[in-house]
Amino acid sequence: MNLADSDHKHANYDPAQIEAKWQKVWEEQQAFNAVDNDPSRPKYYMLEMLPYPSGTMHMGHMRNYTIGDAVARYKRTRGFNVLHPMGWDAFGLPAENAAIKNGTHPREWTQGNIAEFRHVMRRFGFSYDWRREISTCEPEYYRWNQWLFLRMFEKGIAFRKKSKVNWCPECATVLANEQVIDGYCWRHETTLVEVRELEQWFFRITQYSDELLADMKQLEDGWPERVLAMQRNWIGKSQGARVKFGVVQMDGVAVEVFTTRIDTIYGASALLISAGHPKLDELLTGVPGQGALNAQLKTMRQKSVRAADIALAEKEGFFTGRFAVNPFSGGHVPIWVANFVLAEYGTGAVMCVPAHDERDYEFAEKYHLPVKIVVQPKTGVPLRVDRMSEAFTEYGRVVDSGPYDGLTTEQAQEKMTADAKLKGFGAGETTYRLKDWGVSRQRYWGTPIPIVYCEKDGIVAVPDDQLPVRLPENVTLTGQGQSPLAGSPEFVNTTCPKCGGPARRETDTMDTFVDSSWYFYRYTDPHNSSAPFDKEKVRYWFPIDQYVGGITHAILHLLYSRFFCKVMRDIGLVNHNEPISRLFTQGMVQKGGVAMSKSRGNVVGAIEMADKYGCDTGRLYTLFAAPPEKDLEWSEEAIEGSARFLNKMYRLVSKHAERLRGIQTDLTQQTDLTSATAKEKLLVRKVHQTLKRITNDFEVRWHFNTSVSLLMTLANEIHAQEPLDVELSPMILKRVLEALVLMLSPMAPHIAEELWQMLGHQTSLAREKWPQYREDLAREEQFEVIIQINGRLRGKILVEDDLSEDETLNRALTDPRIAVLIAGKQVTKTVVVSRKLVNIVLR
RNA sequence: GCGGAAGUGGCGGAAUUGGCAGACGCGCCAGCCUUAGGAGCUGGUGGCCGAAAGGCCGUAGGGGUUCGAGUCCCUUCUUCCGCACCA
């Protein structure tokens, strides 16, 4: 054993011991409790997306919480009353699947997973207010799902209708859209999902389409552009018009088309309808060759429904034998069935204008339909049919369009839409891609829909005082047949709240996205048993100041949450329009270039990592390895660097802590450095320069990778000034080390607490203030000015802070090295940037 | 096709306002210490030329603006993500 050096008397950095110690202290002190309605401090609501507890937690999960925790801790040091809660998205199909496979009850399975997740989060020391923990599968929570459902039912937002759903014949149940992968079942990769018609519950999100779109303006500063773009795309607003085309020799029959380019209607050379159009059979009746046409139709309908296939499929169609009447020109155009016309969008029929639509152009080329130009570009060479090689889809000036000739596209659209309405064959219309949200699920592990069906009274809401409608515990789960709840007579059979007669309960449960659409409100008042939350508490804490989560939820969860907020506002529960001010989407953690996942077998377990290196090292590495928005490649080699740094921190502080322990310091007090040594000035300066930049990283840039590197640099600089007991007063050294520890604390909180205590502090760092930045202490006394000749680096000089530009130039020109280089040449220009650079331009 | 993001050493990445490209870390090389090292310390590490001093080249490619460009403008290419025959 040779440990006779000076470090021997200090124990080595032992993360396991330190981390357990401080987690216990924080818990005893309830250090991270958020205070409702604290008038003395500004509030800050820091939220990370709640996890679905399943399987083991790996480092891919932890990144989200590490980022959120660093910011939450930082904000506390800045004097904010921080609400930083955590909970569990605990309903969902995997629990049911596990139950079918292993015979465990979904509740048991879920609670086991929650216990595991909670354990890992505590092991990482995240600064949550655990008093506010919620779990969406508990009746205390889902009761309010039901309550909200009833309010929406009363307002007509929740409604029932027959609709097409995804049905997997293998599972014998309905699937959510996200469980359909390219037309196949996610559990049975070779089973095509069928479309069936079923009575289902829906939320009328389309009622808010325009508002959801318009309010994105408010989010432009705080949300990533790509998330907004994805939502905009998803809502898919499109302004146009419906126009009725009559059918020749079929009095009273008309086919309606939807178009955004009514101004091109004089260029229509056909009317195209989808193979699924409801009027198609009627149209085909009685035309010559009907049998052959029906056969073609059948073939077309049987073609794959996979979205990817449809997009790539060649355009195909056939003539129906019928003609339509263009209501503007009176001209007759053939009616074709075309495979690229979508039945579900618009009216399921379009006009074919080859000259001004790419798809129509392609179709017309293949089937030799006429091309007629009716819009000319406003400037440049006029179009000619015989020189056209592609459609002209831009706006321009209308030609060959009867009374509308000469109008601009915009004018023609307005006038033609108005005329169509006047003459009764059309009207302006706005369509959306967004559809109403189907929330019924034929599953067990979800919130029961609080509705009763009575022979006499029909659809009856369960009264509020009978909530929650509890999930029965004894249910057989087979994964087959209809909703599992239907197999539970004691659940199904009930009495009608209105007439008292026999009635049946709704046996579908709610989509689990309902649970997560408003959970963040519940955190403000998690134990309220008379309302989903207290309005005043929500008024105090909302909106969420910062939300952090994965990009995978860019549309569904975040759009539904925005929708719920607006519904809740209209119900009178909240008084804001948008629930989330700022959104941050962190990148994924990868191993071997792909996202960590159990199925890939490339996970780094969070507990294993913490046991090996300590959670502080894991947190630090997670922040250091990449800026938070980028994907992060987990490297077992690179993490050693973060471990080494924390070891270095521990050695650096523990080496000097003993003699500094009794020294009094105050980081905010005035400092007079006029008589300080060069070493002291240098260290204080470095601290304040670092402080400025790290503060900016937290406040503005959100690039914690550079924060970590700045701390490493500062630690290196302090170490480089060894011996630290020479020409350095203990008080200044202590303050330097304290600042270093404080700046480390949001990122590696356990070791920071330990070092803080080592330096003689009795109280936890969790309540400590961020150091006060001082410009005067950060200021350099001398500056290195670079000298360029023709923009190329040729020398450097040291100058004092207050040196004038003229004098700086003079020094540069007389620098011996520079003087040689410019001797005999003509200086045509000089550029001086004070304290930075001199550029001498020679001819 | 539309929309979004990005392209910098062997690797992760830095350069915040147009001003020393490659901070910090990994890896690698050399040395010290050590019975030993998955410990620690010191130094080096973009490419080319050179003994060195130093020089030249270099931020996906090309062009431009500027005293000066990774950064601004134009253009081409590549990669990733989302949407996708939405009329």
Side-chain angles (χ1 to χ4, degrees), chain A residues 1-3 5 7 12 224-234 236-238 240 257-262 264 272 307-308 310-315 338-342 344-353 356-360 362-363 393 431-433 551-552 554-555 620-621 624-627 629-645 647-648 651 692-693 696-697 700-701 703 705-716 719 722 784-796 828-833 836-842:
Chain A
M1 287 285 285
N2 184 349
L3 289 169
D5 57 46
D7 283 355
N12 282 318
E225 175 51 37
R226 65 172 171 155
V227 173
L228 296 176
M230 282 160 83
Q231 292 206 358
R232 223 173 266 130
N233 206 320
W234 187 263
K237 183 176 180 170
S238 170
V257 302
F258 175 74
T259 176
T260 55
R261 289 299 301 273
I262 193 171
T264 64
L272 311 177
I310 293 169
L312 293 172
E314 200 184 331
K315 294 189 174 27
N339 66 340
F340 65 95
V341 178
L342 305 172
E344 315 81 49
Y345 184 78
T347 58
V350 300
M351 59 185 197
C352 176
V353 186
H356 304 294
D357 182 282
E358 282 169 33
R359 296 151 302 181
D360 295 346
E362 197 186 317
F363 191 73
T393 58
T431 62
Y432 298 87
R433 213 183 74 106
I551 186 72
T552 38
I555 297 171
L620 197 77
Y621 175 69
F624 178 58
E629 73 278 6
K630 277 190 70 172
D631 287 346
L632 182 161
E633 174 69 21
W634 190 270
S635 157
E636 285 296 321
E637 283 178 332
I639 194 176
E640 299 281 354
S642 297
R644 282 203 276 263
F645 170 66
N647 264 302
K648 199 184 277 186
R651 279 197 313 273
K692 180 180 187 178
R693 295 182 62 184
N696 190 43
D697 281 349
V700 184
R701 283 173 19 111
H703 272 199
N705 55 327
T706 54
S707 310
V708 177
S709 83
L710 284 164
L711 287 178
M712 289 171 165
T713 308
L714 180 61
N716 290 344
H719 181 78
E722 291 272 16
E784 194 176 58
V785 169
I786 60 163
I787 307 170
Q788 297 178 332
I789 292 175
N790 292 339
R792 305 175 85 94
L793 178 66
R794 284 294 181 263
K796 294 174 183 179
T828 55
K829 181 168 183 168
T830 56
V831 179
V832 181
V833 180
K836 274 200 177 140
L837 140 155
V838 174
N839 190 8
I840 301 159
V841 185
L842 298 181

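Numbers restart at 1 for each chain; the letters A, B, ... are given by sequence-line order, proteins then strands.
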So which protein N/O to nucleotides 55-57 of chain B N/O distances come out below 3.5 Å?
unit_1	atom_1	unit_2	atom_2	d
B:C56	OP1	A:Arg794	NH2	3.2
B:C57	OP2	A:Arg792	NH2	2.2

Heavy-atom count around A:Glu358 CD within 6.0 Å, excluding the residue itself: above 12?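 Count not over threshold, so no.
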Mapping A:Gly791 and A:Gln788 to their closest nucleotides on RNA chain B, which lands nearer the 5' end?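 Taking each residue's closest nucleotide, the earlier one in sequence belongs to A:Gln788.
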When you match A:Ala625 and A:Asn790 each to their closest nucleotide on RNA chain B, which lands nearer the 5' end?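 Of the two residues, A:Ala625 wins.
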Give the rounded distance in Å between these two atoms: [atom1] of [X] and [atom2] of [N].
{"X": "A:Lys237", "N": "B:A87", "atom1": "NZ", "atom2": "P", "result": "13 Å"}
{"X": "A:Trp634", "N": "B:C26", "atom1": "CH2", "atom2": "P", "result": "15 Å"}
{"X": "A:Arg232", "N": "B:G3", "atom1": "CZ", "atom2": "P", "result": "12 Å"}
{"X": "A:Lys836", "N": "B:C20", "atom1": "NZ", "atom2": "P", "result": "8 Å"}
{"X": "A:Leu620", "N": "B:G12", "atom1": "CG", "atom2": "C1'", "result": "14 Å"}
{"X": "A:Ile639", "N": "B:C26", "atom1": "CD1", "atom2": "P", "result": "12 Å"}
{"X": "A:Asn696", "N": "B:A14", "atom1": "CG", "atom2": "P", "result": "15 Å"}
{"X": "A:Trp234", "N": "B:C2", "atom1": "CH2", "atom2": "C1'", "result": "17 Å"}

Would you mind telling me which of [options] lies closest to the side-chain atoms of [X]?
{"X": "A:Ser238", "options": "B:A15, B:G19, B:A87", "answer": "B:A87"}
{"X": "A:Ile786", "options": "B:A14, B:C67, B:C20", "answer": "B:C20"}
{"X": "A:Val350", "options": "B:C24, B:A87, B:C85", "answer": "B:A87"}
{"X": "A:Glu637", "options": "B:C85, B:G27, B:G38", "answer": "B:G27"}
{"X": "A:Thr706", "options": "B:A87, B:G19, B:A15", "answer": "B:A15"}
{"X": "A:Thr259", "options": "B:A87, B:C85, B:A15", "answer": "B:A87"}

At under 4.0 Å, does any side-chain N or O of [X] touch on OP1 or OP2 of [N]?
{"X": "A:Thr260", "N": "B:C86", "result": "no"}
{"X": "A:Asn716", "N": "B:G25", "result": "yes"}
{"X": "A:Lys829", "N": "B:C67", "result": "yes"}
{"X": "A:Lys648", "N": "B:G40", "result": "no"}
{"X": "A:Arg433", "N": "B:A84", "result": "yes"}
{"X": "A:Tyr345", "N": "B:A87", "result": "yes"}
{"X": "A:Asn705", "N": "B:A14", "result": "yes"}
{"X": "A:Arg644", "N": "B:C26", "result": "yes"}
{"X": "A:His719", "N": "B:U42", "result": "yes"}

Tell me, do [X] and [Y] make a side-chain contact under 4.5 Å, heavy atoms counted?
{"X": "A:Arg261", "Y": "A:Asp357", "value": "no"}
{"X": "A:Leu632", "Y": "A:Tyr621", "value": "yes"}
{"X": "A:Ile787", "Y": "A:Ile840", "value": "yes"}

For [X], which contact category applies under a 4.0 Å heavy-atom criterion: base, sugar-phosphate, or nothing?
{"X": "A:Glu640", "value": "base"}
{"X": "A:Pro224", "value": "nothing"}
{"X": "A:Val831", "value": "base"}
{"X": "A:Asp631", "value": "sugar-phosphate"}
{"X": "A:Ser635", "value": "nothing"}
{"X": "A:Val708", "value": "nothing"}

Does the structure show a Watson-Crick or G-U wobble partner for [N], both distances under 3.5 Å? Name it, or say none.
{"N": "B:A69", "value": "none"}
{"N": "B:G54", "value": "B:C49"}
{"N": "B:G22", "value": "none"}
{"N": "B:G40", "value": "B:C32"}
{"N": "B:C83", "value": "B:G1"}
{"N": "B:G9", "value": "none"}

Give me the distance, rounded to whole Å, that separates [N] from [M] when you measure between the [atom1] atoms they each carry.
{"N": "B:C85", "M": "B:C80", "atom1": "C1'", "answer": "25 Å"}
{"N": "B:C24", "M": "B:G9", "atom1": "C1'", "answer": "14 Å"}
{"N": "B:C2", "M": "B:U75", "atom1": "P", "answer": "14 Å"}
{"N": "B:C72", "M": "B:C57", "atom1": "C1'", "answer": "24 Å"}
{"N": "B:C56", "M": "B:C77", "atom1": "C1'", "answer": "28 Å"}
{"N": "B:G13", "M": "B:U59", "atom1": "C1'", "answer": "13 Å"}
{"N": "B:U79", "M": "B:U8", "atom1": "P", "answer": "14 Å"}
{"N": "B:U76", "M": "B:C81", "atom1": "P", "answer": "23 Å"}

How far apart are the closest heavy atoms of [X] and [Y], and which atoms are they?
{"X": "A:Met351", "Y": "A:Thr264", "value": "CE-OG1, 3.6 Å"}
{"X": "A:Thr347", "Y": "A:Val257", "value": "OG1-CA, 3.3 Å"}
{"X": "A:Thr431", "Y": "A:Tyr345", "value": "OG1-OH, 2.9 Å"}
{"X": "A:Gln231", "Y": "A:Ala554", "value": "NE2-O, 3.0 Å"}
{"X": "A:Phe258", "Y": "A:Val350", "value": "O-CG1, 4.3 Å"}
{"X": "A:Val353", "Y": "A:Asp360", "value": "N-OD2, 2.9 Å"}

State whether the distance check finds a donor on one side and an acceptor on the other, under 3.5 Å, for side chain [X] versus base [N].
{"X": "A:Glu358", "N": "B:G1", "answer": "no"}
{"X": "A:Lys796", "N": "B:C20", "answer": "yes"}
{"X": "A:Glu784", "N": "B:C20", "answer": "yes"}
{"X": "A:Asn839", "N": "B:C67", "answer": "yes"}

With syn defined as a glycosidic angle within 90° of 0 and anti as everything else, classify B:G9.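 Here the answer is syn: the torsion falls within 90° of 0.
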Does the Lys NZ or Arg CZ of A:Lys315 fall within the cation-pi geometry relative to A:Phe340 - under 6.0 Å from the ring centre and within 45° of the axis?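 That pair qualifies as a cation-pi contact.
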